[in-house]
**Q** 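Here it is, the structure, as structure tokens.
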Amino acid sequence: MDGISSPSPSSSVRSKRKRHTPQELVDGILSGSRSLLSKAITLVESNSPAHRETADEVLMALLPHSGSSIRIGITGTPGAGKSTFIENFGTRLCEQSKQVAVLAVDPSSSITQGSILGDKTRMERLSRHPDAFIRPSPTGGNLGGVTRKSRETIVLCEAAGFDVILVETVGVGQNETTVRSMVDFFLLLMITGGGDELQGIKKGVVELADAILINKADGDNTIRAEATRQEAERALHYLTPATPGWTPLSLKCSSITGEGVDAVWKMIDTFQRQLSESGQLTANRNQQRLDWMHAMIEQQLIRNFYADPQVAKALVGIRERVLAGDLPASAAADALLQLFQP
């Protein structure tokens, strides 16, 4: 024996749980450390009040280093092949020397509050690429199709040097619009089905789209995909563009064969250059920062409301009266809000 003993299991666990200072996290992210980027994201996603101060310090230091990427939100109907498209699309971008971060949001169970977080297995090829970073995060029941801290995560990834940020949302729904306030380009994926398919999508989501992409346009589906694309093009013609200075487009592609995928990036690249030159991209980003601030205010007010001692004390009895049908929900809300001492 050379006299050097192996670390005990307990010391090994302690080393793995090393707490990094805010400056260590900042320096590590700026130097491209994926490990410290992941730890910083975990920190900002934490619901622990003890982590909030450190997370804010890291974000403040990294904010000047963010903003240089193109942020792309990707949503779509169930079965539209979002993950397959993102893997193909992201891999092609990496092959063009782009640094690509994928923020893949998994829906949290309303019963267990758990989530599958299986995006690295669904995007196995992309996850192995050295220029790609995939971060699955649970929504935590958050409305809007994105995790509560998606904005902060985007800042961290941009500071780490990623050129393209892809935000995959949980799917089309009435509240699937929050992503619009944190991305530059909003892409809606659809599958073939002609006009009936458009009727099945919430109008509000179509109105927010900068482009509609008909996926699975291959084999016997090719003709139907073109018919659906034309129907989408007609629908977009009657809607007010979501982004001033940009006319929404409809395209088709096959995530399996790769046909049409390059055209999607060409379109987004044109979008970025066109809006950068006009100043609209900067205006949009400025508005997003204000939206972020208001969202944080709303979240903090809700936390403070339920943490208020008088509200907490009265809540149990009022809930019982609402459940028993003795008190209308509106009156219950008014009574609790009157007790709130901000």
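Along the sequence shown, residues are numbered consecutively beginning with 1. Note that this is a predicted model, so its numbers are computed, not measured.
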**Q** Roughly how far, to the nearest 0.5 Å, is the CG atom of Asp131 from the CD atom of Gln99?
**A**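 That separation rounds to 4.0 Å.
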**Q** Just do the side-chain contact (heavy atoms from CB on, under 4.5 Å) check on Leu249 and Met267 with the steps written out, would you?
**A** CA-CA 9 Å; Leu249 301 174; Met267 170 186 63; 3.8 Å; yes
**Q** Mind checking whether Ile72 and Ile70 have side chains closer than 4.5 Å, heavy atoms only?
**A** yes
**Q** I'd like to check the side-chain hydrogen bond (donor to acceptor under 3.5 Å, both in side chains) partners of Ser250; sequence neighbours left out, ordered by chain and number.
**A** Arg229
**Q** Any carboxylate oxygen within less than 4.0 angstrom of a Lys/Arg side-chain nitrogen, looking at Glu45 and Arg135?
**A**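 Yes, this pair counts.
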**Q** If the plane angle is over 60° it's perpendicular, under 30° parallel, otherwise tilted; pick one for Trp246 and Phe185.
**A**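 It falls in the perpendicular class, over 60°.
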**Q** According to salt bridge (Lys or Arg N to Asp or Glu O under 4.0 Å), who are the partners of Asp308, at least two apart in sequence or on a separate chain?
**A** none
**Q** Applying salt bridge (Lys or Arg N to Asp or Glu O under 4.0 Å), can you list everything that pairs with Asp291, at least two apart in sequence or on another chain?
**A** none
**Q** Kindly assign one of parallel, tilted or perpendicular to the pair Trp265 and Phe89, based on the angle between their ring planes and the thresholds 30° and 60°.
**A**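 Taking Phe89 first and then Trp265, their aromatic rings sit tilted (interplane angle of 30° to 60°).
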**Q** Between Ile214 and Ile191, does a side-chain contact (heavy atoms from CB on, under 4.5 Å) hold up when you go through it step by step?
**A** CA-CA 5 Å; Ile214 313 304; Ile191 49 178; over 6 Å; no
**Q** Going by heavy atoms in the side chains, are Leu275 and Asn284 under 4.5 Å from each other?
**A** yes
**Q** Just wondering, more than 12 heavy atoms not from Glu226 lying within 6.0 Å of its CD?
**A**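 Yes, because the 6.0 Å sphere around CD of Glu226 holds more than 12 heavy atoms from other groups.
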**Q** Go through the side-chain N and O atoms of Thr243 and Asp210 and say whether any donor and acceptor fall under 3.5 Å apart.
**A**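 Looking only at side-chain atoms, Asp210 and Thr243 do form a donor-acceptor pair, the distance falling under 3.5 Å.
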**Q** Have Arg52 and Ser46 got a donor and an acceptor in their side chains that come within less than 3.5 Å?
**A**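 No donor-acceptor contact under 3.5 Å links the two side chains.
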**Q** Before you tell me yes or no, could you show the steps for His20 and Lys39 under side-chain contact (heavy atoms from CB on, under 4.5 Å), namely the whole-Å CA-CA distance, both residues' side-chain angles and the distance that decides it to 0.1 Å?
**A** CA-CA 9 Å; His20 295 273; Lys39 290 181 178 180; 3.2 Å; yes
**Q** Check Arg92 with Asp262, please: is the shortest side-chain N to carboxylate O separation under 4.0 Å?
**A** yes
**Q** Find out whether Glu259 and Cys253 are in side-chain contact, i.e. whether some heavy atom of one side chain is under 4.5 Å from a heavy atom of the other.
**A**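 Contact flag for Glu259/Cys253 side chains = no.
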**Q** Under a 3.5 Å cutoff, is there a donor and acceptor pairing between the side chains of Asp163 and Ser69?
**A** no
**Q** Are any side-chain N or O atoms of Glu152 and backbone N or O atoms of Leu59, one a donor and one an acceptor, separated by less than 3.5 Å?
**A**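 Not a single qualifying donor-acceptor pair exists.
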**Q** If you link ILVMFWY side chains whenever their heavy atoms are less than 4.5 Å apart, which other residues fall into the same cluster as Val311? By chain and number, please.
**A**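 Via sub-4.5 Å side-chain contacts, Val311 links to Ile302, Phe305, Tyr306, Leu315, Ile318, Val322, Leu327, Leu336, Leu337, Leu339, Phe340.
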**Q** With a 4.5 Å cut-off on side-chain heavy atoms, are Val102 and Val100 touching?
**A**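 Yes - at least one pair of side-chain heavy atoms lies under 4.5 Å apart.
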**Q** Look only at the side chain of Gln274 and the backbone of Gly245, and say whether a donor-acceptor pair between them is shorter than 3.5 Å.
**A**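 Yes; judged by distance alone, with no hydrogens or angles, the pair exists.
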**Q** Any carboxylate oxygen within less than 4.0 angstrom of a Lys/Arg side-chain nitrogen, looking at Arg71 and Glu158?
**A**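 Glu158 and Arg71: salt-bridged.
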**Q** Indicate yes or no: at least one non-hydrogen side-chain atom of Gln287 is less than 4.5 angstrom from one of Leu290.
**A**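 Yes, close enough: below the 4.5 Å cut-off.
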**Q** Does the pair Ile74 and Thr169 meet the rule for a side-chain contact (heavy atoms from CB on, under 4.5 Å), with working shown?
**A** CA-CA 6 Å; Ile74 301 175; Thr169 70; over 6 Å; no
**Q** Determine the sole option in Thr84, Asp218, Thr222 for which the side-chain hydrogen bond (donor to acceptor under 3.5 Å, both in side chains) test with Ser254 is passed.
**A**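 The residue from Thr84, Asp218, Thr222 that satisfies side-chain hydrogen bond (donor to acceptor under 3.5 Å, both in side chains) with Ser254 turns out to be Asp218.
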**Q** Could you tell me if the side chain of Met296 sits less than 4.5 Å from the side chain of Gln299, heavy atoms only?
**A**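 A side-chain contact exists here, since the closest heavy-atom pair is under 4.5 Å.
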**Q** Would you say Arg125's side chain and His129's backbone share a donor-acceptor pair under 3.5 angstrom?
**A** no
**Q** On a heavy-atom basis, which atom in Asn88 and which in Gly258 lie closest, and how many Å separate them?
**A** ND2-CA, 3.7 Å
**Q** Please enumerate all residues that pass salt bridge (Lys or Arg N to Asp or Glu O under 4.0 Å) together with Arg273, with sequence neighbours excluded.
**A**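 So Arg273 forms a salt bridge (Lys or Arg N to Asp or Glu O under 4.0 Å) with Asp269.
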**Q** What side-chain donor-acceptor pairs closer than 3.5 Å can you find for residues 28-38, not counting sequence neighbours?
**A**
{"residue": "Ser31", "atom": "OG", "partner": "Asp27", "partner atom": "O", "Å": "3.2"}
{"residue": "Ser31", "atom": "OG", "partner": "Gly28", "partner atom": "O", "Å": "2.8"}
{"residue": "Ser33", "atom": "OG", "partner": "Leu36", "partner atom": "N", "Å": "3.2"}
{"residue": "Arg34", "atom": "NH1", "partner": "Ala132", "partner atom": "O", "Å": "2.9"}
{"residue": "Arg34", "atom": "NH2", "partner": "Pro130", "partner atom": "O", "Å": "3.0"}
{"residue": "Ser38", "atom": "OG", "partner": "Arg34", "partner atom": "O", "Å": "3.1"}

